[in-house]
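Excluded from the calculations below are hydrogen atoms, water molecules and symmetry mates; all remaining heavy atoms, backbone and side chain alike, are included.
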Amino acid sequence: GAAPPPEICGYWFLNSASLEHRLGTREARRLWGFGQKGAKDSPSEDSSLNWVIVDESARLIEWSSGVLQEGEPVIRDKFKGKVKTWTTSVWHLEYGSQLHVSDKEYMEF
């Protein structure tokens, strides 16, 4: 796969529910009583789940899109693999699929 542009390397999570699902921290938070249903820091029981991870060194991306329904994840679309070409608006994935990209925001921490 082609090397990703440096400005897009890293990760993006839509919300805390996406982060919890990808990292597998949901069960640990519940075990210790954090984010109980109705708590301020608890993700909504019906949230969107979306993330992209661009690994520059491995030249891989992980992209996932779904929802949290009644507290359970339902992943609709996902891809983990190499990108053949990167343009500003379309990422051409191996095996012929494409991701259309828009409204990018860049943040440095």
Side-chain angles (χ1 to χ4, degrees):
E7 67 272 10
I8 63 161
C9 295
Y11 49 88
W12 171 84
F13 294 90
L14 177 64
N15 51 31
S16 62
S18 299
L19 181 64
E20 275 196 359
H21 179 68
R22 174 57 182 87
L23 298 181
T25 58
R26 181 174 175 248
E27 290 75 21
R29 284 175 49 91
R30 301 309 178 266
L31 177 68
W32 292 100
F34 296 111
Q36 294 291 342
K37 193 172 181 177
K40 241 187 337 185
D41 66 339
S42 175
S44 166
E45 290 292 311
D46 295 305
S47 296
S48 293
L49 297 174
N50 296 286
W51 67 83
V52 175
I53 301 170
V54 180
D55 184 332
E56 181 178 20
S57 61
R59 295 186 175 187
L60 294 172
I61 70 164
E62 178 182 325
W63 167 78
S64 186
S65 178
V67 294
L68 197 60
Q69 290 180 338
E70 298 178 14
E72 294 301 316
V74 178
I75 302 301
R76 292 188 204 138
D77 296 300
K78 64 183 178 178
F79 175 80
K80 188 172 185 177
K82 297 194 179 283
V83 176
K84 290 197 297 191
T85 57
W86 306 82
T87 69
T88 56
S89 60
V90 180
W91 299 349
H92 299 272
L93 310 177
E94 63 183 354
Y95 311 119
S97 297
Q98 298 176 353
L99 286 178
H100 294 267
V101 182
S102 65
D103 302 325
K104 292 183 272 189
E105 291 182 34
Y106 300 99
M107 296 180 181
E108 292 201 26
F109 295 95

- Item | side chain to side chain contact (heavy atoms under 4.5 Å, CB included) between W12 and L14, worked out | CA-CA 7 Å; W12 171 84; L14 177 64; 3.9 Å; yes
- Task: Output, in order, the C-alpha distance, side-chain angles, deciding distance and verdict of side chain to side chain contact (heavy atoms under 4.5 Å, CB included) for E56 and V54.
- Result: CA-CA 6 Å; E56 181 178 20; V54 180; 5.9 Å; no
- Query: Yes or no on side chain to side chain donor-acceptor pair (under 3.5 Å) for N50 and S18, after CA distance, side-chain angles and deciding distance?
  - Reply: CA-CA 6 Å; N50 296 286; S18 299; 5.4 Å; no
- Task: Take V101 and T87, measure what side chain to side chain contact (heavy atoms under 4.5 Å, CB included) needs, and give me the verdict at the end.
- Result: CA-CA 9 Å; V101 182; T87 69; over 6 Å; no
- Query: Under the side chain to side chain contact (heavy atoms under 4.5 Å, CB included) criterion, do I61 and W86 qualify, and how do the steps go?
  - Reply: CA-CA 12 Å; I61 70 164; W86 306 82; 3.3 Å; yes
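Atom OG of S64 and atom CG of D77 lie 8.5 Å apart (nearest 0.5 Å). Atom CD1 of I53 and atom OH of Y11 lie 9.5 Å apart (nearest 0.5 Å). We find the OG-CG distance between S89 and L99 to be 11.5 Å, quoted to the nearest 0.5 Å. Going from atom NZ of K84 over to atom CG of L93 covers 9.0 Å, rounded to the nearest 0.5 Å.
For W51 and H21, the distance between ring centers is under 6.0 angstrom.
Salt bridge status for E62 with K78: absent, with no side-chain N to carboxylate O gap under 4.0 Å.
Within the 3.5 Å criterion, the main-chain N or O of G1 finds a donor-acceptor partner in the side chain of R59.
Counted by atom type alone, S47 and N15 present zero donor-acceptor pairs between their side chains at under 3.5 Å.
Between W91 and Q98, the closest side-chain pair of non-hydrogen atoms is not below 4.5 Å. At least one side-chain heavy atom of H92 sits less than 4.5 Å from a side-chain heavy atom of V90.
A pairwise comparison of heavy atoms in V67 and L49 identifies O-CD1, 3.5 Å as the closest pair.
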